[in-house]
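Here the structure is laid out as structure tokens; the discussion comes afterwards.
Throughout, numbering of the chain's residues begins at 1 and tracks the sequence.
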Amino acid sequence: MKSAVETLNPTRVRLTVEVPFEELKASLDAAYKKINQQVTVKGFRQGKIPARVIDQRFGRGAVLEEAVNDALPKFYTEAVNEADLNPLGQPEVDIKELKDGELLSFTAEVDVRPTLEIPDYSGIEVTVDAVEVSDEDVEKSVEQLRDRFATTSPVERAAAEGDIVTVDLEAKVDGEVLEDGVAEGIDYTIGSGQLLDGIDEAVTGLEAGGTATFTSELKGGSAEGKEAEVKVVVTAVKARELPALDDEFAQLASEFDTLEELRADSTKRLARMKKFDQATQAQEKVLDELIKLVEVPMPEKLLEDEVNTRKHNLEHHQLGQMGLDLAKYLEIQGKSAEEFDAELKEQAEKGIKTQFILDEIVNKEKLSVGQEELTEHLMRRAQSSGMSPDQFAQAVVEGGQVPMLVGEVARGKALAAVVEAATVKDSNGEVVDLDDEDETAETVEAATEVVEGTEA
């Protein structure tokens, strides 16, 4: 077999391949065997029909077509390996010449991964938010914990904001009660905004047994989007009571003996969270600066496929689970179809550039992925998928997705290496040290998540 490569542009090549006919022998034998199992000829047992009879009855052309279809993937792969190419997607194959007993000649056009020049990225500088935990942050955290331990008790008074009311609802459209417009015994916290627009004003001031009517646009059901007249009956009013902020509460809500110890722990926990957020912010900003540094030719077919894949996933998976279609989603987002398509293309381009650049850095820095790193990443992915680690691991292996996971972690390590080489300062002008040995694995995993965010 002989092959030659013609570069059409930085991201596309044309392979020209010539195959001596004798190299098709294995595929020809396989073609005769396959046809033998599919046809019957009087006077011959199935599977025992001579080749000359198949040629006479069904035509040599049918055999050649079957043989070529069988052989093309193998010869294409050999040509790709010989030229040391990194193809992206499926090739467009065109058979130029097929001379029985002499020669098979074909061309294959395919997008390829572009060759990138990675410049010195140690000069990247970014600014991130400073890690500052205020007294207000701590009090808000303690109040959230306090809210979790609140109790409720019935009261004989008018309902007010923050109270929990039990209500019966009846919705009418054009004077007719909807089949799915009746509900009883619903608990609702006044002021939460989690039910219907207008219900807060309607029930505020009502005691148990009180009734009110209001107009609201229905958010779901058979009359979604229509204006409905809603009758609400309050059957019970309950007040929420928060525990006193004292040492007894600290012992109830935590492992600490005093409220002071609980507040000190909240301060440490918030600082860790803000430190993690700071690291994520640094990774995102460094990645943006890195992309600006590298000239990345864009394979148009790959970009088109990526845009279509993202749009399909959004329409048929994410929005479907939320009960929305694309038109409703765009209405909620306040975007036109043109604006949505432009954003989707921009996101897809960033995802492709990110993968190309970080893969190049993985090769340049000779980064590898250890079993422990892969296992940690697999467990996080399993958790986010709602599957057990064993189930997820089995699905990954059966689907041949292990190389994909390895690539994700490797790109995360590449981004972490770039961040380590960059200069990161906080909003106070202080240099931020993100190279904490105790948090190295966590930092790489966070960087992996940042990378996944561009590829989602």
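Glu66 meets the side chain to side chain donor-acceptor pair (under 3.5 Å) test with Lys34; sequence neighbours excluded. Remark: Asn308 pairs with no residue by the side chain to side chain donor-acceptor pair (under 3.5 Å) rule, at least two apart or across chains. With sequence neighbours left out, Asp187 forms a side chain to side chain donor-acceptor pair (under 3.5 Å) with Thr166. Under the salt bridge (Lys or Arg N to Asp or Glu O under 4.0 Å) criterion, Lys425 pairs with no residue, sequence neighbours left out.
Within the structure, every pair that satisfies the side-chain hydrogen bond (donor to acceptor under 3.5 Å, both in side chains) test and touches residues 137-146, not counting sequence neighbours, is listed here: Ser134-Asp137, Asp137-Lys274, Glu139-Arg263, Ser141-Arg269, Glu143-Arg146. Sorted pairs that involve residues 228-239 and meet side-chain hydrogen bond (donor to acceptor under 3.5 Å, both in side chains), not counting sequence neighbours, are lacking altogether.
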Please lay out, stage by stage, how Tyr188 and Asp200 fare under the test side-chain contact (heavy atoms from CB on, under 4.5 Å). CA-CA 9 Å; Tyr188 174 68; Asp200 289 333; 2.6 Å; yes
Apply side-chain contact (heavy atoms from CB on, under 4.5 Å) to residues Ile118 and Ile357 and explain how you reach the verdict. CA-CA 8 Å; Ile118 304 296; Ile357 293 170; 4.1 Å; yes
Set out, in order, the CA-CA distance, both residues' side-chain angles and the distance that settles side-chain hydrogen bond (donor to acceptor under 3.5 Å, both in side chains) for Thr189 and Gln194, then state yes or no. CA-CA 8 Å; Thr189 301; Gln194 295 179 345; over 6 Å; no
side-chain hydrogen bond (donor to acceptor under 3.5 Å, both in side chains) evaluation trace for Gln347 with Glu343: CA-CA 6 Å; Gln347 292 165 0; Glu343 285 186 12; 4.5 Å; no
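Counting heavy atoms from C-beta on, the side chains of Val419 and Tyr121 never come closer than 4.5 Å. Glu170 places none of its side-chain heavy atoms less than 4.5 Å from the side chain of Leu178. Side-chain contact check for Gln281 versus Asp277: every heavy-atom pair is 4.5 Å or farther apart. Looking only at side-chain heavy atoms (C-beta outward), Arg381 and Met387 stay at 4.5 Å or farther from each other. Using a 4.5 Å heavy-atom cutoff, the side chains of Glu376 and Val409 are not in contact. Residues Tyr76 and Val80 meet the side-chain proximity criterion, which asks for heavy atoms closer than 4.5 Å. Residues Ser388 and Phe392 fail the side-chain proximity criterion, which asks for heavy atoms closer than 4.5 Å. The closest side-chain heavy-atom distance from Thr423 to Ile124 is not below 4.5 Å.
In this structure, Glu372 places its CD atom where only 12 or fewer heavy-atom neighbours from other residues, nucleotides or ligands lie under 6.0 Å away. Within 6.0 Å of CD in Gln333 there are more than 12 heavy atoms belonging to other residues, nucleotides or ligands. Annotation: Asn81, atom CG; neighbour count of heavy atoms from other residues, nucleotides and ligands within 6.0 Å is above 12. Shown here is Lys364, whose NZ atom has more than 12 heavy atoms of other residues, nucleotides or ligands within 6.0 Å. Summarising the local packing, CD of Glu295 is surrounded by 12 or fewer heavy atoms from other residues, nucleotides or ligands at distances under 6.0 Å. Within a 6.0 Å radius of CE in Met273, no more than 12 heavy atoms belonging to other residues, nucleotides or ligands are found. For Met298, the CE atom counts as densely surrounded, since its 6.0 Å shell holds more than 12 non-hydrogen atoms of other residues, nucleotides or ligands. In the displayed structure, Glu248 atom CD is contacted under 6.0 Å by at most 12 heavy atoms of other residues, nucleotides or ligands.
Atom CD in Glu201 sits 10.5 Å away from atom CD1 in Ile190 (nearest 0.5 Å). Between atom NZ of residue Lys275 and atom CG of residue Leu270 there is a gap of 15.5 Å, rounded to the nearest 0.5 Å.
Taking 4.0 Å as the cut-off between side-chain N and carboxylate O, Glu365 and Lys413 do not count as a salt-bridged pair. Salt-bridge check for Asp359 with Arg113: passed, with a basic side-chain N closer than 4.0 Å to an acidic carboxylate O. With respect to Arg310 and Glu306, a salt bridge is recorded, a charged nitrogen being found less than 4.0 Å from a carboxylate O.
Remark: side-chain polar atoms of Gln401 are paired, donor with acceptor, to backbone N or O of Gly399 under 3.5 angstrom. Between the side chain of Ser254 and the backbone N or O of Phe256 there is at least one donor-acceptor pair closer than 3.5 Å. With hydrogens and angles ignored, the 3.5 Å screen pairs a side-chain donor or acceptor of Glu261 with a backbone N or O of Asp257. A donor-acceptor pair under 3.5 Å links the side-chain atoms of Thr280 to the main chain of Phe276, judged by distance alone. No donor-acceptor distance shorter than 3.5 angstrom exists from the side chain of Asp426 to the backbone of Asp129, with no hydrogens or angles considered. For the pair Lys285 (side chain) and Thr127 (backbone), a donor-acceptor distance under 3.5 Å is present. Distance alone, capped at 3.5 Å, places no donor-acceptor pair between the Glu207 side chain and the Glu156 backbone.
Checking Arg12, Arg14, Lys301 one by one against Asp111, the salt bridge (charged side-chain N to carboxylate O under 4.0 Å, His left out) holds for a single residue, Arg12.
Residues Ser216 and Glu227 bring no donor and acceptor atom of their side chains to less than 3.5 Å of each other. Ser222 and Asp180 are linked by a side-chain donor-acceptor pair at a separation below 3.5 angstrom, with hydrogens and angles left out of the test.
When all heavy atoms of Asp163 and Ala239 are compared, the closest pair comes out as OD1-CA, 3.7 Å.
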